Q: 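The structure that follows is given in the form of structure tokens.
Within every chain, numbering begins at 1; the chains are lettered A, B, ... in the order of the sequence lines, protein sequences first and strands thereafter. As the structure is a computational prediction, the values presented were derived from the model and not from experiment.
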Protein chains: 2
Amino acid sequence: MATGRTHRPATRSRGIPEATVARLPLYLRALTALSERSVPTVSSEELAAAAGVNSAKLRKDFSYLGSYGTRGVGYDVEYLVYQISRELGLTQDWPVVIVGIGNLGAALANYGGFASRGFRVAALIDADPAMSGKPVAGIPVQHTDDLESIIAENGVSIGVIATPAGAAQQVCDRLVAAGVTSILNFAPTVLSVPDGVDVRKVDLSIELQILAFHEQRKAGEEAAGEPGAVLQARKESGKGPDGDVPAVMPA
Amino acid sequence: MATGRTHRPATRSRGIPEATVARLPLYLRALTALSERSVPTVSSEELAAAAGVNSAKLRKDFSYLGSYGTRGVGYDVEYLVYQISRELGLTQDWPVVIVGIGNLGAALANYGGFASRGFRVAALIDADPAMSGKPVAGIPVQHTDDLESIIAENGVSIGVIATPAGAAQQVCDRLVAAGVTSILNFAPTVLSVPDGVDVRKVDLSIELQILAFHEQRKAGEEAAGEPGAVLQARKESGKGPDGDVPAVMPA
DNA sequence: CCATCTTTGTGCACGCGTTCACAAAGACAT
DNA sequence: ATGTCTTTGTGAACGCGTGCACAAAGATGG
């Protein structure tokens, strides 16, 4: 054990806060849509609405990148697209490998979102020999044995893990040893990696459980009809008052 | 006395912070693994390591649920599994519909993580008539026309959107109108929903772009000497109440 | 029953992120 | 040129989440 998991805030080199970085892709997407409609400029208010965030937050986010706006007018769409793309590192090519070509891996390989930006699926890797050579999304699947050489030859630094949970850590270790320093993990496991390696996880099960929690809370509030209490004031409250099950302390 | 508070204390009995809720599934997963190995009790230190978090954080998280631990011993695994499951609402059955049975939708339908907990795939829905009746993961795909009746008949309150971006908002609107109040969105779009509806999004493209940012930053630091760029100054310090981040001079 | 040891539960301080509110900056009309 | 109007950029306040450090609580052994 002793997982060396030390999630570095990493907010140091350039002053860009992590929360801002996480929103930049959102802005970029909205800006790209505007660009395709040939919209020349956009105000923080409009763009914020399109991205689903607060306009003040958006302006502060952009302020970390520099002063790219014009007061009284707004932001130049094309210029901002370029600046954000550059900031995110999307002006260069990022070869990516996907490990684990099951249902999910195949779905990811077919996902158009990859190629649209700077990402390119360099290789698909699977442990099943029966998969080897079989084309998925037009790319022939290669065997896990060749993982290291594939990484090296393609200069891959980003890996996507879509294997079963049991194989994830092992695959992760091999990817890291081969030189991968950023991992997107779809397997429902906590990966432990050395410092300097970034891991982001996408976990369907966790997301559903969080939704279930809120769903239960809503249902509880609905049913918790306290007599003589608020009867119609429950409309848009983000957080309702307690009104939860009484603490029945089961021993 | 005092009582300046005009509204809910929020720190009331059941005020579980969102950040804590997001970690509960993680703890639950680790605890389930321990349970399967018939481990009777676990300390906060051990469990925290397994879940990849700080032990103090874990203890504080559990303190929001109540005092379920025994000092000098730790936490009873089985009991804690039950308590967290109950808190997350996993002791009940949650029928879920998946809309958009493409590569991703099929992968989700096949994902075992659904059934393992309280979630049950009640129906698969797709707009393509050619898909209707075709079984995916043992469940026949139904047409979008029947969306409303499917939701109603199965009492579905959680919907998963795995359609192309262009169809997502429309599907979302129909789901909400039909009574769904929690949505897990895999389409790369910002969904707008009325108050009272929860949306969580899973966006592969965004995750990759965030990784690319950090990857670029690592590469930049490695090269260390980019003109007009890297100017890293403060790292950690007393941290004054200043604004931080001197303006970066755009080239 | 008392001493000691282990581990929980939490008060407190700190830093990050969000939001408000407004001065500064520029566009535009007269 | 000057005044007005629009929108940015940001100082400041606030709230949330995190982690430290320690007292309280209970187990365990003599």
Q: Would you tell me if any nitrogen or oxygen in the side chain of B:N54 comes within less than 4.0 Å of OP1 or OP2 on D:dG17?
A: no
Q: Mapping B:V73 and A:K57 to their closest nucleotides on DNA chain C, which lands nearer the 5' end?
A: B:V73
Q: Please report the distance, rounded to the nearest Å, between CD in A:Q83 and P in D:dT8.
A: 17 Å
Q: May I ask you to evaluate whether A:K60 reaches the phosphate of D:dT10, defined as a side-chain N or O under 4.0 Å from OP1 or OP2?
A: no
Q: Taking only the side-chain nitrogens and oxygens of B:S44, find out if one of them lies under 4.0 Å from OP1 or OP2 of C:dT8.
A: yes
Q: So what does A:F62 hit on the nucleic acid, given a heavy-atom distance under 4.0 Å: a base, only sugar-phosphate, or nothing?
A: nothing
Q: Among D:dT8, C:dA27, D:dC20, which is the nearest nucleotide to the side chain of B:A56?
A: D:dC20
Q: Determine whether a donor-acceptor pair (one donor, one acceptor, N or O, separation below 3.5 Å) exists between the side chain of B:R71 and the base of C:dT8.
A: yes
Q: Got a sec: does the CD of A:Q92 have more than 12 other heavy atoms crowding it under 6.0 Å?
A: yes
Q: A:L47 CG to D:dT7 P: how many Å, rounded?
A: 14 Å
Q: Would you kindly give the CG-to-C1' distance between B:D61 and D:dC16, to the nearest whole Å?
A: 13 Å
Q: Is any side-chain N or O of B:Y75 closer than 4.0 Å to OP1 or OP2 of C:dG9?
A: yes
Q: Counting just side-chain N and O atoms, does A:R59 come under 4.0 Å of either OP1 or OP2 of C:dC20?
A: no
Q: Classify the side-chain pair A:T91/A:R86 by whether it contains a donor and acceptor separated by less than 3.5 Å.
A: no
Q: Would you confirm whether the ring centroid of B:Y75 sits within less than 6.0 angstrom of the ring centroid of B:Y68?
A: no
Q: Determine: side-chain N/O of A:Y68 to OP1/OP2 of D:dT7, distance under 4.0 Å, yes or no.
A: no
Q: Answer yes when B:D198 and A:R217 have at least one side-chain N-carboxylate O distance shorter than 4.0 Å, and no when they do not.
A: no
Q: Nearest-Å distance, CD (B:E45) to C1' (C:dG9)?
A: 14 Å
